[in-house]
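Worksheet for the structure shown next.
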Amino acid sequence: MFERRLLIPGFRRILHGGDYNPDQWQGAPEILAEDARLMKLAGVNAVTLGVFAWSSYEPTEGHFTFDWLDRAMDAAGRAGQRVILATPSGAKPPWLGRRYAETRRVDRQGLREPYAGRHNHCWSSPVYREKVAIINRRLAERYAEHPALGMWHVSNELGGECYCVLCAEAFRAWLRERYGTLAALNEAWWSSFWSHGYAAWEEIEPRDEAVSTLAVDYRRFNTDQAIDFLKWEMEPLRELSPRVPCTTNFMGLLSGFDYARVAEVLDVVSEDQYPAYDGTDPEAWRAAVGVSMKGDLYRALKPGQPWMLMESCPEAPQWKQPMRAKRPNVHRTEMLQALAHGAEGTCYFQWRKGRGGREKFHGAVVDHAGHEHTRSFATVAALGREYERLGALLGSTTPAEVALVYDWEVKWAFERSEGPDQRNHAYERVCVEHYRPFWQAGISVDVLDSTRSFDGYRLLVTPQLFMLKPGVASRIRRFVENGGTWVATLYTGYCDATNRCFLGGFPGGGLGEVLGLWSEEWDVLGDAATRTARGVEHPSFPLTGTLRAVEALEVLHARGATVLAAHTDDYYAGHAALTVNGFGRGQAYYLGARFDEASLDAFYGPLTTKLGLRRNLAAPLPRGVTVQRRVLEQREFLFVMNFTPAPQRIALGGRAYRLLSDDARVEDALVLEPFASAVLTTP
Ligand code: GLA
Ligand code: GLA
């Protein structure tokens with residue numbers, strides 16, 4: 001068993017605070033004094049300092065001053081807060097960008113960017129590394145022993161790609177390491193296609209997406225470059241403050257990096273989330289499903305450990321159009337949603353709105369009005385008070401019987417392979433579609449990278465597992481043999497880890513045998529088109545009625561699998577649409593189409609009943625309401641959340657609970673206002 005840690009060693013609090021930029025207010029001591037007063041009022045216990053403060057520490061090359069940070073660290077210490085101290089590499093000071101052109105990225109057209117913006121340094125530039133190492137070491141030397149230092153926030157929202165000469169060289173070196181010889185690379189890349197047989201490493205052009213394996217490898221390389229840069233950044237931090245955990249803030253599912261790998265080098269997983277649910281929209285819960293799935297993914301990146309929201313916002317972010325005001329209850333529910341999925345900190349971007357810059361109208365805790373008499377401030381302050389009681393859940397875990405695979409490399413391979421239907425971010429969207437029935441039933445899920453162990457789960461769901469990374473097929477096989485239930489979908493096992501197609505029929509890698517079928521071809525449908533499949537009466541699986549295939553389907557041949565539903569339309573009428581195959585002691589289901597929501601419910605409903613999967617509340621939930629569960633020894637914490645603009649009555653399945661916020665007893669049913677949520681606990 002893992003040892004459960006706190007986000008900040010020795011600090012038994014739900015982290016509550018956020019990005020604080022006193023460097024922008026040095027000319028206004030009265031504002032800084034107000035900040036101290038308001039933070040106390042809001043119960044702030046964590047502040048993130050210095051995310052973009054490099055030009056304040058080193059206004060000209062080699063000349064350092066840390067005056068404001070000294071004062072801010074001391075002020076935080078006096079207030080009993082912990083500082084999440086950033087390394088400033090997310091934005092370069094002007095002197096650096098101008099003097100050292102190589103630190104600026106080159107785009108796909110070969111143009112070097114001007115000095116501008118942020119989050120745009122070259123991962124491979126030796127100069128940038130040198131300058132970052134200097135400033136990071138200065139920060140570590142100065143603050144390693146500071147009692148307020150709680151965590152390192154390394155850089156900010158790592159992202160993007162660079163196509164400069166240095167990156168191209170680094171890519172080629174990475175390829176040599178991976179493949180050893182050009183012969184092996186040519187083979188893996190199928191490079192005789194379009195006359196790409198490489199005779200020298202220098203011939204490899206990183207932007208050449210004609211070679212679909214190159215495109216995937218470039219993303220793998222880019223992840224490794226970012227990891228290498230992170231490790232470089234952390235060297236002085238870990239050397240001088242070995243007990244202070246390091247994190248970097250992630251950005252959801254759409255990142256170009258494989259966060260499962262980045263997380264391995266970090267101590268704490270943190271994430272930036274701006275759901276800003278539209279509190280007037282009856283369909284807003286759909287967005288909440290995706291946010292929950294992200295929470296389950298971030299939690300599972302470090303099994304058994306808490307994660308945190310590094311950034312979120314009590315109001316709307318300015319980049320989200322239309323920038324609707326957050327309706328009452330919405331913000332609290334957003335924060336509880338993170339806690340429900342294993343977070344133990346919810347911090348904000350940002351504490352106080354800056355007067356200028358692109359983000360001057362981005363939501364914040366303290367508005368330009370400057371006082372505490374705003375909805376935003378009141379909401380945050382109320383959460384601060386509530387967290388005093390919610391702290392009881394620190395150290396609790398979120399056990400799950402279901403694992404769902406979301407894998408960045410699979411996504412890259414899928415998206416870089418022309419042919420399979422890609423509409424509307426199909427890879428992650430379909431993952432969310434298969435996650436939804438569990439969310440709606442209040443069944444906990446761990447969202448995992450495909451290389452992780454599936455031991456201990458009862459059900460494994462792998463939507464569109466297009467690429468099989470090394471060892472994955474054999475682990476799935478063992479999982480089923482040993483009695484596990486596996487649900488696979490169309491586009492499973494098309495390519496191996498080099499993104500070359502399997503020969504001998506899909507699903508490849510031996511998975512066709514586990515599933516007892518062969519997929520002959522696919523059909524892709526127009527936006528509004530559907531194809532019908534009818535459930536076949538089967539004693540062990542009561543799938544009756546009609547299923548509706550949308551977007552894409554496969555024409556299947558059962559080879560031993562039992563057909564649970566068969567197509568009734570088009571030239572594939574009579575072919576299997578949904579099958580199950582007994583394999584070893586387990587069962588392998590195949591959904592040979594993208595199905596609509598009702599069809600997925602018609603499948604997952606009986607399946608979860610058949611498996612007896614644990615529901616977090618033993619009663620059906622109204623649509624748009626979910627229940628997530630954390631456990632601390634014998635004690636349960638149930639997060640009941642209403643993501644609809646209507647009040648909802650939630651039956652409690654005959655058990656009595658207490659509200660964690662005020663100890664009130666709840667029996668029979670809980671009534672939640674629009675977008676409200678509650679944390680129930682067992683005595
Ligand atoms: C053109 C080219 C072929 C092939 C096909 C694909 O016809 O000449 O090499 O790329 O398109 O449709
Ligand atoms: C990101 C950044 C922050 C800020 C917010 C605005 O999360 O990390 O610095 O720009 O976006 O939403």
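All values below were derived from every heavy atom in this structure, side-chain atoms included, with hydrogens, water molecules and symmetry-related copies excluded. In listed order, ligands and their atoms are each counted from 1.
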(Q) Parallel, tilted or perpendicular, judged at 30° and 60°: which one describes the rings of Tyr259 and Trp408? (A) perpendicular
**Q.** Residue shell around ligand 2, heavy atom under 4.0 angstrom
**A.** Phe52, Arg118, Asn156, Glu157, Asp272, Tyr274, Glu311, Trp319, Phe349, Glu359, His362
Could you list the residues that satisfy ring pair (Phe, Tyr, Trp, His ring centres under 6.0 Å) with [X], not counting sequence neighbours?
{"X": "His331", "value": "Tyr348"}
{"X": "Tyr198", "value": "Trp189"}
{"X": "Trp54", "value": "Tyr128"}

Q) Regarding Asn249 and Glu157, is there a side-chain donor-to-acceptor distance under 3.5 Å anywhere? A) no
(Q) With a 4.0 Å cut-off on N to O distance, would you call Glu415 and Lys411 a salt bridge? (A)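 Yes, charged N to carboxylate O under 4.0 Å.
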